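All ligand and atom numbering here is 1-based and tracks the order in the structure. Since the model is a prediction, treat every value here as computed from it, not as a measurement.
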Amino acid sequence: MRVIRAEVLGMCFGVRDALRVVERIGDPGGVIVHGELVHNEVVLGDMERRGFAIRREAERSTAELPRGHRVLITAHGISDRERTRLEAAGNELLDTTCPLVIRVHLAARNLHEEGYHVLVLGRKGHVEVRGVVEDLERVDVIEDEADVRDFGLPRLGIVCQTTTPESRAAELRRRIAACNPDSEIRFVDTVCQPTKDHQRALERLLDRVDAVVVVGGRSSNNTRQLLELCHLRGRPARLVTSADELDEGWLAGFASVGLTAGTSTLDRTIDEVHRALVQIGTRMNGPLPADCCPADPGLVRSDALA
Ligand code: SF4
């Protein structure tokens with residue numbers, strides 16, 4: 001079994017920057033993380049072991065507002081309303097919002113101020129989307145075709161959740177335009193570049209492999225979108241959070257397997273999965289051919305493993 005790694009995979013600059021801020025915090029016990037820093041259980045487990053108090057997203061709406069703490073805002077960002085509430089409660093905010101999420105907020109706000117009814121293409125209830133819509137009076141979230149209708153409004157302004165696949169955004173835009181032929185429609189492309197790069201690299205990889213292993217958190221939107229792209233292209237694919245979850249029986253059916261990973265996946269997790277895949281491949285077929293995994297200059301060959 002050949003293992004071929006996507007040319008672009010794994011952690012984006014937004015998550016790396018957020019983790020750098022977290023690593024520099026000397027007194028984790030004094031910090032409340034307002035949500036899940038990234039949707040990756042390995043990262044969250046590391047943080048909890050260091051002493052951070054993580055207010056999971058499910059608890060955020062019901063739990064009491066923290067008061068007088070240092071509160072870390074995650075890479076997904078929050079609304080200005082939420083920011084004001086946290087500051088009014090005497091908290092000091094440590095902000096790791098990704099600049100490309102801030103770009104979505106600004107685009108949506110500008111459209112709103114110019115009189116457009118804002119449509120956010122993204123997942124309803126996702127923390128990033130909630131942060132964008134909470135500051136707007138006139139807004140709808142479009143998650144799928146069922147949400148598209150004739151809005152009966154003269155001006156519609158469209159933005160995207162940063163991790164929306166480009167093809168999905170294009171399809172929803174086309175449907176919105178078809179249902180609202182008399183509306184002036186403005187589109188601001190706020191899909192982030194790392195998401196585009198990951199998706200495009202996976203498109204290329206899909207031409208070369210029989211199946212794909214996607215590494216990342218189960219609640220990570222961009223990881224799920226990578227899995228969905230594989231299924232849309234008719235390739236068997238499995239999402240794993242770690243090497244322990246690899247299913248040797250499932251892998252046995254394929255001559256070549258691709259490897260990709262979501263933008264919140266640690267390098268070490270990707271390397272562990274890669275190493276395990278190579279070992280499984282070696283057990284199946286003997287040592288790897290010399291040209292295996294051309295996209296991965298750091299490939300660990302199974303016959304070089306200790
Ligand atoms: S996925 Fe995109 S928007 Fe989200 S943290 Fe990474 S770069 Fe920023």
Side-chain angles (χ1 to χ4, degrees), residues 6-24 33-44 46-47 54 57 72-80 82-83 93-110 120-135 141 143 158-169 187-203 214-229 239 241 260-270:
E7 291 157 5
V8 182
L9 79 173
M11 204 164 273
C12 61
F13 79 92
V15 172
R16 282 190 202 281
D17 288 354
L19 286 178
R20 241 174 253 131
V21 171
V22 163
E23 278 158 18
R24 282 200 296 264
V33 184
H34 194 58
E36 289 147 35
L37 183 75
V38 290
H39 292 135
N40 181 314
E41 287 303 321
V42 179
V43 172
L44 298 179
D46 284 351
M47 289 176 68
I54 299 178
E57 281 154 17
L72 190 134
I73 308 303
T74 74
H76 307 104
I78 54 171
S79 63
D80 286 349
E82 181 83 334
R83 190 177 299 274
L93 303 191
L94 308 170
D95 196 349
T96 69
T97 306
C98 176
L100 299 186
V101 172
I102 294 173
R103 203 170 135 248
V104 188
H105 284 248
L106 293 176
R109 193 175 312 150
N110 287 343
V120 181
L121 310 186
R123 269 177 62 203
K124 289 173 188 166
H126 186 279
V127 61
E128 178 192 321
V129 173
R130 286 213 316 266
V132 174
V133 302
E134 273 172 15
D135 285 330
V141 179
E143 183 163 322
I158 305 174
V159 298
C160 307
Q161 182 178 352
T162 52
T163 50
T164 307
E166 290 175 282
S167 54
R168 186 89 193 106
F187 173 66
V188 185
D189 180 3
T190 53
V191 177
C192 76
Q193 194 59 42
T195 289
K196 292 179 179 176
D197 293 343
H198 281 61
Q199 289 260 337
R200 291 172 188 172
L202 178 56
E203 288 272 9
V214 181
V215 193
R218 293 193 200 289
S219 56
S220 156
N221 190 47
N222 76 83
T223 304
R224 287 165 40 148
Q225 301 287 6
L226 293 171
L227 189 70
E228 200 168 300
L229 176 57
L239 191 159
T241 60
T260 186
T263 56
S264 53
T265 312
L266 293 169
D267 296 345
R268 75 163 196 255
T269 309
I270 301 171

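- Side-chain contact check for Q199 versus E166: every heavy-atom pair is 4.5 Å or farther apart.
- In summary, the atoms of ligand 1 found under 4.0 Å from a heavy atom of T263, numbered by their order in the structure, are 1 (S).
- Looking at heavy atoms from C-beta onward, T241 lies out of side-chain contact with V215 at the 4.5 angstrom threshold.
- The side-chain hydrogen bond (donor to acceptor under 3.5 Å, both in side chains) with T263 is formed by just one residue from the set N222, T223, N40; it is N222.
- Close approach to F13 involves these atoms of ligand 1, each under 4.0 Å from a residue heavy atom: 7 (S).
- Ligand 1 places these atoms under 4.0 Å from at least one heavy atom of P194: 7 (S).
- The atoms of ligand 1 that sit less than 4.0 Å from any heavy atom of T162 are 3 (S).
- Between E7 and R200 there is no salt bridge, since none of the side-chain N atoms of the basic residue sits less than 4.0 Å from a carboxylate O of the acidic one.
- Between H39 and H126, the distance from one ring center to the other falls under 6.0 angstrom.
- When the heavy-atom distances from atom 8 (Fe) of ligand 1 to C98, G14, S264, S220 are ranked, the shortest goes to C98.
- Scanning the protein heavy atoms around atom 2 (Fe) of ligand 1, the nearest turns out to be C192 SG, 2.4 Å.
- For atom 6 (Fe) of ligand 1, the set of nearby N, O or S atoms under 2.8 Å includes one belonging to C12.
- In summary, D135 and R83 do not engage in a salt bridge, as defined by a charged side-chain N under 4.0 Å from a carboxylate O.
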